[in-house]
Amino acid sequence: MNNAFSALKISDKVYWVGAIDWGLRNFHGYKTSRGSTYNAFLVLGEKVTLIDTVKPKFYDEMMSRIRSVIDPADIKYIVSNHSEMDHSGAIPQVVRDLNIEKVFASPKGVEALNEHFALGDILETVKTGDKISLGGATLSIIETRMLHWPDSMFSFYEEEGILFSNDAFGMHLATAERYAEELDPWIIRYEAAKYYANILLHLSPIVLNLLNKLPSFNLDIKMIAPDHGPIWRRPNDIQMILDWYREWAEQKPTRKAVVIYDTMWESTAKMAAAVADGLICGGATVELMPLEGTHRSDVVTELLDAGALLVGSPTMNNQIYPTVADVMNYVKGLKPKNLVGASFGSHGWSGEATKHLDAMMKEINIDVLDEGIKHKYVPTKDALMACRELGLLVAKRIVQ
Ligand code: FEO
């Protein structure tokens with residue numbers, strides 16, 4: 001361990017040679033409060049193979065880890081399980097610097113890698129059922145289209161039972177530890193859920209389909225090695241992450257209500273507090289999230305196990321208030337399921353925000369219970385009681 005940035009041996013022939021991005025706080029609009037890792041793996045077959053790479057700026061870190069095990073010039077193959085640049089970004093430089101013979105990817109992966117980097121003839125297409133022989137080691141391919149890109153695939157190292165799962169089963173979490181069992185269980189549950197909510201939620205039917213199909217591949221999985229976060233290797237942990245994925249993909253509603261709002265002059269804030277009081281009195285649990293200090297990616301994480309979404313917005317220039325519109329636009333893309341919803345808000349003269357919010361929630365297939373409650377300027381006692389009633393009404397729907 002005298003080298004800077006050494007590899008970690010994770011099995012007889014496999015080394016982790018990725019990078020730790022301690023400082024990452026924004027991953028394309030997703031707040032990554034605990035940083036991330038880009039996991040790359042070296043498989044020491046006769047054809048030494050690199051499975052995925054890292055963001056370009058971590059090229060040197062990855063190469064240093066590789067150098068702690070072998071001469072990088074010995075690498076002959078790259079398997080690209082996913083073309084997004086946090087995993088493929090260093091491929092062009094690896095190809096330029098080393099004598100790489102082939103870069104394997106799914107059909108859409110070959111297309112995407114060419115469209116990103118024009119890698120040309122070095123690319124070789126692999127499909128579900130194909131096996132890549134590395135000499136003394138075999139990788140079998142399972143395409144996982146749209147999980148979460150069209151190109152995504154798993155590669156399974158048969159002899160040692162390691163499933164290289166790219167983004168699936170991963171999380172944004174920068175740590176010195178590489179294995180799930182070395183980490184705080186609550187943190188890994190939270191960060192895995194946050195990752196699922198922000199990256200995979202809208203693809204839940206495809207996730208369920210894959211989980212149902214997985215046994216038919218007869219994989220004797222000893223380890224799941226994703227491209228972000230810790231490796232799952234204890235049998236209980238492997239089962240746990242698979243169970244979590246099923247739970248999140250099913251998104252069964254609970255008695256939890258998420259209330260999001262922003263406010264201009266505290267009027268919508270007062271209405272939000274009254275709505276929350278009604279929910280609590282009706283037996284719901286409440287997550288009240290003022291958007292002035294709450295990130296969109298945290299809202300979606302809370303929705304993963306919610307039964308209701310209540311949205312409060314002032315009307316500004318006849319529209320939904322900007323912070324609320326931003327979060328709702330993000331929620332719309334991630335298509336949460338099995339939610340009931342309602343809106344409320346204060347306004348000055350025309351008060352269109354609740355109408356826009358109701359329409360938006362219907363577009364997301366949220367079951368909007370009633371027309372939104374809007375109130376001109378500062379809410380009166382009656383207006384606050386109406387908000388409380390709305391909370392009670394929603395609680396009646398989600399509390400069994
Ligand atoms: Fe970690 Fe879809 O990239």
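Both ligands and their constituent atoms are indexed starting at 1 by order of listing.
- Listed by chain and number, the protein atoms of type N/O/S under 2.8 Å from atom 1 (Fe) of ligand 1 are Asp86 OD2, His87 NE2, Asp167 OD1, His228 NE2; waters are omitted.
- Partners of Phe5 according to the ring-ring contact (aromatic ring centres under 6.0 Å, His included) rule, which considers only residues two or more places apart in sequence or in another chain, do not exist here.
- Between Tyr196 and Trp248, the ring-plane angle classifies as tilted under the 30° and 60° cut-offs.
- Ring geometry for Phe154 against Phe169 counts as tilted: the plane angle lies between 30° and 60°, on a 0 to 90° scale.
- Note: Tyr77 and Phe104 have perpendicular aromatic rings, judged against thresholds of 30 and 60 degrees for the angle between ring planes.
- Ring to ring, His82 and His148 are close: their centroids are under 6.0 angstrom apart.
- Using cut-offs of 30° and 60° for the angle between ring planes, the Phe27 and Tyr30 rings count as perpendicular.
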